[in-house]
*Asks:* 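Before we start, here is the structure in question, set down as structure tokens.
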Amino acid sequence: MKKINWTSILRFIKEYLIVTVAAILNAISLFCFVDPSYLIAGGVSGLSSAVSYIVCHFIGESYFNIVKWIIYFVLNAPLLICSLIFLRGDFTFKTIWSTVVCTAAGFLFSAYLPDSFAFNDSKIIAVIFGGIIIGYSMYIASEFNGSNGGTEIIAKIVAKKKPGTDLSSVILISNLVILIAGSVIVMILQDQRLGVVVYSLIYILTGSSVMGMLKRGFNHPQKFLIVTTKYEELSQEILTSFKRGLSYMKVENTREDSEERKLIMVVVQYRQVPRLKRIIKKCDPKAFTIVKDVHEVFSRPLFNRSYKTK
């Protein structure tokens, strides 16, 4: 049995506090920007908005916020039950907590926040700020093994059962179907124009882009593969200019008259790329160089802070 100590307790509290913040940010994005501008978010959030517009068409628009958050929770409930059955573990409990907090925050915002918090002056501003907030919300939830529910649960379940399945296209198609269907409902029932489809799509893409940028980082590393005959001179210049190691790999010559070559592999920060290119050009202008993005460095978790140019 795993021993419980103060470190694990504090880590548990910290992770659930961060997931709580993510859930509140999700509610802020929906309540303050998406719903007042008649946008349709992807996944369960968009589906709950579309269903709410239909229900409120018969019972009155004044009940929209109450109906929206009830439907949001009801639609998430079966997915959370599936997560309990098939996934269990830390992810499931954090996602349940996130869904409960987001729903509660939505009800509290509806009951106590004044109308001035519902931004509907400009759809493009709502799209930008709402997208940034939801993107950051998804990022911090996923970083601590949680989620905002909805299609993320389906993706996790399918990934566990069929690891080789490409989920990105499935999720994208389902979100687009919900977006288009929900936007048609909004255009008919709320007398909105076709632009609501475009703005809703920009909102989803903005959220996904922000999440992707935060995951990659704004100074993500670059891997250089350099095939050169001047490997000694070039490697010494790299070691002198950068606080880092590098790796040699033997390259087999394909021509009898060719000089001995070696492959140098080195990882640098994005901001250091121009300097390294200048070094390569100075030491060996004929070097064959391949540059690739590196999204994560596992052996050096403090890579971004500890590796700097002299």
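Throughout, numbering of the chain's residues begins at 1 and tracks the sequence. Side chains included, hydrogens not; waters and symmetry mates left out as well; all remaining heavy atoms used.
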*Asks:* Could you walk me through whether Lys230 and Gln236 pass the side chain to side chain donor-acceptor pair (under 3.5 Å) test, one step at a time?
*Replies:* CA-CA 10 Å; Lys230 312 285 187 182; Gln236 188 59 46; over 6 Å; no
*Asks:* Check which hydrophobic residues are tied to Leu108 through side-chain heavy-atom contacts below 4.5 Å, counting indirect links as well, and list them.
*Replies:*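 Answer for Leu108: Tyr112.
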*Asks:* Quick check on Tyr136: does its OH atom have over 12 non-hydrogen neighbours (other residues, nucleotides or ligands) under 6.0 Å away?
*Replies:*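 Open.
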*Asks:* Which heavy-atom pair separates Arg275 from Ser241 by the least distance, and what is that distance?
*Replies:*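 Minimum heavy-atom contact is NH2-OG, 3.6 Å.
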*Asks:* Tell me whether Leu194 is reachable from Ile178 by hopping between hydrophobic residues (I, L, V, M, F, W, Y) whose side-chain heavy atoms are closer than 4.5 Å.
*Replies:*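 Same cluster: Ile178 reaches Leu194 through Ile, Leu, Val, Met, Phe, Trp or Tyr contacts under 4.5 Å.
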*Asks:* Where is the tightest heavy-atom contact between Ala50 and Gly182, given as atom of each residue plus distance?
*Replies:*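 Smallest interatomic distance, heavy atoms only, reads CB-CA, 3.8 Å.
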*Asks:* Consider only side-chain heavy atoms of I, L, V, M, F, W and Y, link residues closer than 4.5 Å, and tell whether Phe288 and Val268 are in one cluster.
*Replies:*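 No; Val268 is not reachable from Phe288 via cluster members.
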*Asks:* Whether the Lys123 and Gln192 side chains hold a donor-acceptor pair (N or O, under 3.5 Å, no angle test) is what I'd like checked.
*Replies:*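 There is such a pair between these side chains.
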*Asks:* Report yes or no: do Ile290 and Tyr270 belong to one cluster of Ile/Leu/Val/Met/Phe/Trp/Tyr joined by side chain heavy-atom distances under 4.5 Å?
*Replies:*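 They do not share one cluster, since no chain of ILVMFWY contacts under 4.5 Å joins Ile290 to Tyr270.
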*Asks:* Show your reasoning for whether side chain to side chain donor-acceptor pair (under 3.5 Å) applies to Ser8 and Asn5.
*Replies:* CA-CA 6 Å; Ser8 60; Asn5 52 45; 3.2 Å; yes
*Asks:* Using every non-hydrogen atom in the two residues, find where Leu30 and Ala41 come nearest and quote the distance to one decimal.
*Replies:*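 Heavy atoms of Leu30 and Ala41 come nearest at CD2-CB, 4.2 Å.
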*Asks:* Assess the pair Tyr16 and Phe12: is the distance between their ring centroids shorter than 6.0 Å?
*Replies:*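 Under 6.0 Å, so yes.
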*Asks:* Find out if a path of hydrophobic residues (ILVMFWY) with successive side-chain heavy-atom gaps under 4.5 Å connects Leu239 to Tyr231.
*Replies:*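 In one cluster with Leu239: Tyr231, yes.
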*Asks:* Within 45 degrees of the axis of the six-membered ring of Phe91 and under 6.0 Å from its centre: does Lys156 put its NZ or CZ there?
*Replies:*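 Satisfied, under 6.0 Å and within 45°.
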*Asks:* Using the side chain to side chain donor-acceptor pair (under 3.5 Å) rule, take Lys68 and Ser49 through it: C-alpha gap first, then chi angles, then the decisive distance, then the call.
*Replies:* CA-CA 6 Å; Lys68 158 70 184 284; Ser49 295; 3.2 Å; yes
*Asks:* Please give me the minimum heavy-atom distance between Leu179 and Ile40, naming the atom from each residue.
*Replies:*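 Looking at all heavy atoms of both residues, the closest pair is CA-CG2, 3.9 Å.
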*Asks:* Assign the ring pair Trp69 / Tyr72 to parallel, tilted or perpendicular, where the plane angle (0 to 90°) is split at 30° and 60°.
*Replies:*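 If you compare the ring of Trp69 with that of Tyr72, the planes turn out perpendicular.
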*Asks:* Applying a strict under-4.5 Å side-chain criterion to I, L, V, M, F, W and Y, I'd like to know whether Ile96 and Ile85 cluster together.
*Replies:*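 Hydrophobic grouping puts Ile96 with Ile85.
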*Asks:* Treating Asn175 as the side-chain partner and Gly43 as the backbone partner, does any N or O pair qualify as donor plus acceptor under 3.5 Å?
*Replies:*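 Here the side-chain-to-backbone pair exists.
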*Asks:* Does Phe117 have more than 12 heavy atoms from other residues, nucleotides or ligands lying within 6.0 Å of its CZ?
*Replies:*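 No, not enclosed.
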*Asks:* Do Phe33 and Tyr203 have ring centres separated by under 6.0 Å?
*Replies:*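 Ring-ring flag for Phe33/Tyr203: false, centres at least 6.0 Å apart.
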*Asks:* Considering non-hydrogen atoms only, spot the tightest contact between Gly207 and Ile134 and give its length.
*Replies:*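 In terms of heavy atoms, the two residues are closest at CA-CG2, 3.9 Å.
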*Asks:* Would you say that Asn148 contacts Cys102 through its side chain, given a criterion of any heavy-atom pair below 4.5 Å between the two side chains?
*Replies:*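 SC-SC contact between Asn148 and Cys102 ruled out.
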*Asks:* Thr228 vs Asp284, test: side chain to side chain donor-acceptor pair (under 3.5 Å). Steps then yes/no.
*Replies:* CA-CA 7 Å; Thr228 175; Asp284 186 5; 2.5 Å; yes
*Asks:* Quick test of your reading of the model: are Glu232 and Lys262 salt-bridged, counting only N-O distances below 4.0 Å?
*Replies:*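 Result for this pair is no, no salt bridge flagged.
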*Asks:* Inspect the surroundings of CG in Asp115 and state if more than 12 heavy atoms from other residues, nucleotides or ligands are less than 6.0 Å away.
*Replies:*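 Count not over threshold, so no.
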